[in-house]
Every structure is written in structure tokens, then in C-alpha cells.
Amino acid sequence: MNSPVTTVMMPVVLAVIMYGLGLGLTLADFRRVRHHPRAVAAALVCQVLLLPAACFGLVLAFDLAPAYAVGMMLLAASPGGAVANYYSRLFGGDVALNITLTAVNSALSLFSLPLIVNFSLDHFDIGRDDLGLNYDKILQVFAIVLIPVGLGMLTRARAPRVKERIDRPVRAASLFGLFLVIVGVAWAERDRITDSLVDLGPITFLFTLVSLAVGYGATRLVRAAHPQAVACCFEIGMHNVGLAMTIAISPTLLDSTAMAMPGAVYAVLSYVAATAAGYTLRAISPEAAARRRGPAPAPSGGPTARG
């Protein structure tokens, strides 16, 4: 499918998204792994193993069409992004850990994502021999991810005042551009949009809930504190939709708007699920529990007050 959306807009939008991600990263974020090794390890296991396995089970259970199934697996293989950091800040997560996980997961996904996508294409038998992320296409994914991120990090390191001025406009442009791409994909699939929403709405919403729960639960299992678990919840639960949709609809990669539809539906429903999860996490936080218990009783048996 060749259109302005796939050939021009989507690569530009992804470049802006990844540049904005780079504006929030420093080399220290990669080195900070040693401060929370168990939480980072749990998050990486979730991202690389548990989520793709859970998504694969959901895809089989819902008996999705092959293109939608591959699109769901592509979404599961995509790392978290800047939106996860925002939600973590909003609901009491360890934002520094979020940024570290974003950095590490984004780098790791450059290796894990092609493996998961190629497995999915083979298993669901799309019927096109030209599909797949071969060596040349993997290099292209490297380029569209790493170059903008590197430029963003360079801007932050060398021109911090510029970074401060452009940070919010870049984030706003990312969201607006992604909205336009979602509309473009929906328009391209307009003849079957109702069936797509019926097929993809329940599974994308359920997948979001599973991702959020796995991110929080796995981190608590390794005895991480609540703020670190909240950070992992959103990092694992909110995927980089821009990356997934770019790979799906790019003419030189998978070239399929149908494979991009799970990302488009997920982009809308994930905000609903993540907001509900955020308020739930705030309600079960240690601070909320302390407020429910009320102030500690005054100690008894002390010296008599002077009259």
C-alpha cells in the first residue's frame, strides 16, 4: 500500500516520537540498571518472553485473522515509550527506573522484535514470500529507531537550553502526528472498519490489562517496592504504537494496513485501561493504606502533664 501516510507521514511521525524519546535519555540511564537489578531483570523477562507468550495465547484463543494476529504480536514485541513515563509520573511510579527501562528495552527490542515478527509471519502463514524482517530490513529498523534517539540524546547533552524549549512541542507533535496516522490507517481500512473494531477491540483491551498486570505482578514477585512496580507496570503495559505501526505499514517493511490495525485500536483503548490501572495502583499504594489507617494513636503512660 503506497500512500502519503505510509511513505511520508509515518516515518516522519516515528522520527519525531523517537527524537522526543531521546530528549529524555542520557547515557546514565543505561548505567542505572545496577541500582534496581531485580526490577530491570523482571521487566526484561516480561518484555521478551512473557508478553509475547501471553499475546500468542490470546491470539489463538480469539482466532484472529492472520494479518491481525501478526499485528498483535508486533505490538507485543514493541517496547514501552514516553507515554509510559508520563503515566508513571502521574501515578506515583519511579520515573528514573521508567526511563532506564525505556532505554534498555528499546535497545533490546532491536534484536527481539525481528525474531518475534518473523516467527509470527511463519506461524500464521500470511501467504506472501516477500514478507519478513530480513537483514536489510532489520538495519532499516535500527536506523529509524536509533538515529532519532541518538540525535535527541545529543541535543540534550550538547544543547540543554534547546532541549528545554523544544521538549513540549516535540511531545505535542508526536501525539498529533500519531493521531493523524491512526486516522489514516482507519480510512485505508474503512471498508471493514466495523468488523475490525469488533474483532480487535476485546483482545487489545484484554492484552493491555494483561500487560499492565504482568508488569506490576512480576516486579512485586522479585520484592521490588511499590514505586518500582508501578514503573514496570506502565513500561510493560504501554507499548510504542508508533514503532509497531511504522513497521506494519511501511512499504519497505511489512506493507500492511491490516497489520497496523491492532496498533490503531490499541492506541485508543490502552489509555482507558492504563488510567483505570493507575487509579487502582494509587488506591493500593502504601501511602493510601496509611491514610486509611489514620494517624497513629498517641503513646499512653507518659508523664503527667503539669497543672
Side-chain angles (χ1 to χ4, degrees), residues 1-27 29-30 71 74-75 77-86 99 101-114 117 133 135-160 162-188 235 238-257 259-260 263-264 266-267 270:
M1 176 195 135
N2 289 293
S3 74
V5 171
T6 59
T7 58
V8 179
M9 184 182 294
M10 193 68 240
V12 170
V13 169
L14 182 63
V16 173
I17 291 172
M18 301 312 293
Y19 179 75
L21 182 63
L23 289 175
L25 297 177
T26 66
L27 291 176
D29 296 322
F30 292 89
L74 172 59
L75 190 61
S78 299
V83 176
N85 301 345
Y86 170 77
I99 295 171
L101 290 173
T102 297
V104 175
N105 267 337
S106 295
L108 184 63
S109 69
L110 295 172
F111 301 95
S112 60
L113 190 149
V117 170
L133 298 182
Y135 179 75
D136 292 340
K137 293 182 179 181
I138 292 171
L139 288 180
Q140 184 178 338
V141 174
F142 267 80
I144 62 178
V145 171
L146 288 186
I147 292 176
V149 168
L151 290 175
M153 293 176 67
L154 187 64
T155 301
R156 175 171 178 155
R158 298 294 179 87
V162 174
K163 182 264 180 188
E164 291 300 323
R165 286 200 302 268
I166 67 175
D167 195 17
R168 286 189 177 182
V170 167
R171 278 186 285 169
S174 300
L175 291 175
F176 182 67
L178 186 58
F179 169 76
L180 291 180
V181 169
I182 291 170
V183 171
V185 169
W187 177 255
E235 188 66 32
M238 304 195 74
H239 300 270
N240 190 331
V241 176
L243 177 61
M245 293 181 69
T246 298
I247 292 174
I249 65 180
S250 173
T252 58
L253 293 173
L254 298 182
D255 192 21
S256 170
T257 53
M259 292 181 192
Y266 170 89
S270 63

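If you're wondering where the values come from, they're calculated on a predicted model, not measured in any experiment.
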- prompt: Is there side-chain contact between Tyr266 and Val241, with heavy atoms separated by less than 4.5 Å?
  reply: yes
In this structure, CG of Leu113 is separated from CG of Asn240 (nearest 0.5 Å) by 10.0 Å
Interatomic distance, CD@Glu164 vs CG@Leu23, rounded to 0.5 Å, equals 9.5 Å
Distance col, row Met259:CE vs Leu74:CG, nearest 0.5 angstrom, shows 9.0 Å
Taken to the nearest 0.5 Å, the spacing of Ile247 CD1 from Leu254 CG works out to 7.0 Å
Rounded to the nearest 0.5 Å, the CG atom of Asn105 sits from the NE2 atom of His239 at a distance of 10.0 Å
In terms of heavy-atom contacts, Ser109 and Pro114 come closest through O-CD, 3.7 Å
Correct closest heavy-atom pair for Val16 and Ala173 would be CG1-CB, 4.2 Å
| query | Does the side chain of Asp255 come within less than 4.5 Å of Ile249's, by heavy atoms? | reply | no
Between Leu243 and Pro79, the two heavy atoms sitting closest are CD2-CD, 3.7 Å
OH (Tyr19) and CD1 (Ile147) are apart, to the nearest 0.5 Å, by 14.0 Å
Val83 meets the side-chain contact (heavy atoms from CB on, under 4.5 Å) criterion, sequence neighbours left out, with Tyr87, Met238, Tyr271
